[in-house]
Amino acid sequence: MTPPTPSPTVTADRRARPHSRPRLVDGRGELSGAVTLALRSGCPPRYAPESVLKADPWGEDLQLALYLLYEPHYRGFDGVDDAREWDPELLRLRQALEARFLHALRCEPYDAPRSVEAAFAPLLVEPVDLSGSLSHHLETDGELWQLREYAALRSLYHLKEADPHAWVIPRLTGRAKAAMVAIEYDEFGAGRAERIHARLFADLMADLGLDPTYGRYLDHAPAPLLATVNLMSLFGLHRALRGALVGHFACVEVTSSPGSRRLAKAMRRCGAGAAAEHFYTEHVEADAVHEQLVRHEVIGGLLADEPDLEGDVAFGCAATVLLEDRLARHIRDAWDGGRSALRTPLPEADAPRRRG
């Protein structure tokens, strides 16, 4: 397969700038355009209320608008006043968009599991047929340009890895809280800044010739990717969805180790570099331990305290699987058709030479 034609060359800055704020991107429709203009101008967002009701919950406009409205709770945007985080007009729009997104998440999987056992049982067994697995494709047939695209996409998640999950800690008690803090301690480097998983991913990006600056590839990211990041922000920012956030977090940990093993092999086979391979080998062992903790202590402890949240935990898992499957299909459809999976292909001039 021939890589897609790159966009004009942009020199990649391979030094991560951990304190930088991302650039505010242009909108992709009425709603995201209104959010962008509001953040830039300091004025309330101006949009037709009926446009929210008509918006495609999976579409570029709504998903980008949500992402832009969530980002002030993380690092904000360059040139945007920090006080906009709690702007009531922005929050009102966010609430309306969240309602559309949540409704779609609850209605899309018609046979969604209602119990924790039903939600997680399929994830605990390695499928016999891996032909539809994105990580399996990358392990066996992936090319370096595809690994670069995958990393650029995933950077919107991994450069804020563990941050939204930390919001659930004050909402937990006892066993669930203790286990969640133990897992998050590992995610945040166990006291060593250079071991923070987001930092390890920035090192992976540098090995792949990508710019590891936080939020750098937002403009490249299509709606299916934005939805996976918006999901954890949505769950994390709402105490009422604490069970769903635990389900999301558990789903990520349960499925991480096998996928990371395959991606480590893909990085090695393509000669991506030591840091690129190390990010995934680190997750193979760590997430195998985390899987046990999150299933038995975080979920077990939460449901011992609040058994009525079992349906929410199952929903969080099911929603995560749904969005990850949608993203995988988007990427494979693009690659199988010889196209970039990004909205704008990556520049190739700074791509690393194949090693070994």
Side-chain angles (χ1 to χ4, degrees), residues 12 14-16 18 123-127 130 133-163 165 179 182-212 214 217 225 228-229 232 248-295 320 324 327-328 331 351-356:
R14 303 187 185 191
R15 297 171 299 166
L123 306 181
L124 299 175
V125 180
E126 184 81 335
L130 290 171
S133 165
L134 187 59
S135 60
H136 176 70
H137 164 76
L138 289 170
E139 176 190 10
T140 58
D141 301 306
E143 300 176 38
L144 189 58
W145 70 271
Q146 293 175 329
L147 291 176
R148 295 184 76 235
E149 286 203 348
Y150 183 77
L153 285 169
R154 286 298 194 183
S155 68
L156 295 183
Y157 174 92
H158 284 301
L159 293 182
K160 56 165 57 88
E161 185 173 355
D163 290 347
H165 301 125
I183 298 170
E184 289 284 85
Y185 180 68
D186 286 347
E187 299 284 347
F188 290 125
R192 297 173 58 188
E194 72 277 9
R195 304 300 304 163
I196 293 174
H197 285 188
R199 170 66 180 274
L200 296 180
F201 195 81
D203 294 340
L204 171 151
M205 296 179 73
D207 253 6
L208 290 171
L210 298 170
D211 185 342
Y214 178 90
Y217 294 103
L225 183 282
T228 65
V229 184
M232 62 182 185
H248 166 77
F249 183 65
C251 181
V252 171
E253 296 297 323
V254 166
T255 57
S256 174
S257 189
S260 293
R261 185 178 294 107
R262 290 190 284 268
L263 289 167
K265 291 179 180 178
M267 295 293 176
R268 187 182 313 122
R269 182 178 58 79
C270 290
E277 184 180 341
H278 175 69
F279 175 81
Y280 288 109
T281 57
E282 171 81 7
H283 280 69
V284 172
E285 181 176 350
D287 289 347
V289 175
H290 293 171
E291 174 198 335
Q292 298 299 315
L293 271 175
V294 74
R295 286 173 54 214
T320 305
E324 289 296 331
L327 175 61
I331 294 173
R353 293 180 180 178
R354 184 184 176 105
R355 299 170 175 85

[X]: which residues meet the side chain to side chain contact (heavy atoms under 4.5 Å, CB included) condition with it, sequence neighbours left out?
| X | value |
| --- | --- |
| Ala179 | Leu293, Glu297, Val298 |
| Ala275 | Asp203, Asp207 |
| Lys265 | Glu139, Arg261, Arg268 |
| Thr228 | Arg154, Leu225, Leu323, Glu324, Leu327 |

From [X] [atom1] over to [Y] [atom2], what is the distance, rounded to the nearest 0.5 angstrom?
| X | Y | atom1 | atom2 | result |
| --- | --- | --- | --- | --- |
| Phe188 | Ile183 | CZ | CD1 | 12.0 Å |
| Glu161 | Glu187 | CD | CD | 5.0 Å |
| Arg295 | Leu123 | CZ | CG | 10.0 Å |

Search all heavy atoms of [X] against all heavy atoms of [Y] and return the closest pair with its distance.
| X | Y | answer |
| --- | --- | --- |
| Pro212 | Ala202 | CB-O, 3.6 Å |
| Arg269 | Leu138 | NH2-O, 2.9 Å |
| Val294 | Glu253 | CG1-CB, 4.1 Å |
| Ala198 | Leu159 | O-CD2, 3.5 Å |
| His278 | Thr281 | O-OG1, 3.0 Å |

List in chain and number order the residues that pass side-chain hydrogen bond (donor to acceptor under 3.5 Å, both in side chains) with Ser135, two or more places apart in sequence or in another chain; answer none if no residue qualifies.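 Partners of Ser135 under the side-chain hydrogen bond (donor to acceptor under 3.5 Å, both in side chains) test: Ser133, Arg262.
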
So, using side-chain hydrogen bond (donor to acceptor under 3.5 Å, both in side chains) as the criterion, who are the partners of Ser155 when residues are at least two apart?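 Ser155: no side-chain hydrogen bond (donor to acceptor under 3.5 Å, both in side chains) contacts found.
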
Given side chains that start at C-beta, do those of Glu291 and Leu124 come closer than 4.5 Å, heavy atoms only? yes

Non-hydrogen side-chain atoms of Thr255 and Thr320 separated by less than 4.5 Å: no

His158: partners by ring-ring contact (aromatic ring centres under 6.0 Å, His included), with sequence neighbours left out: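 Applying ring-ring contact (aromatic ring centres under 6.0 Å, His included) to His158 gives Phe201, Phe279.
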
Please confirm whether the backbone N or O of [Y] pairs with a side-chain atom of [X], one donor and one acceptor, at under 3.5 Å?
| X | Y | result |
| --- | --- | --- |
| Gln146 | Glu143 | yes |
| Tyr217 | Asp211 | yes |
| Tyr157 | Val229 | no |
| Arg148 | Leu208 | yes |
| Ser260 | Ser257 | no |

What do the steps show when you test Leu263 against His283 for side-chain contact (heavy atoms from CB on, under 4.5 Å), and what is the final call? CA-CA 10 Å; Leu263 289 167; His283 280 69; over 6 Å; no

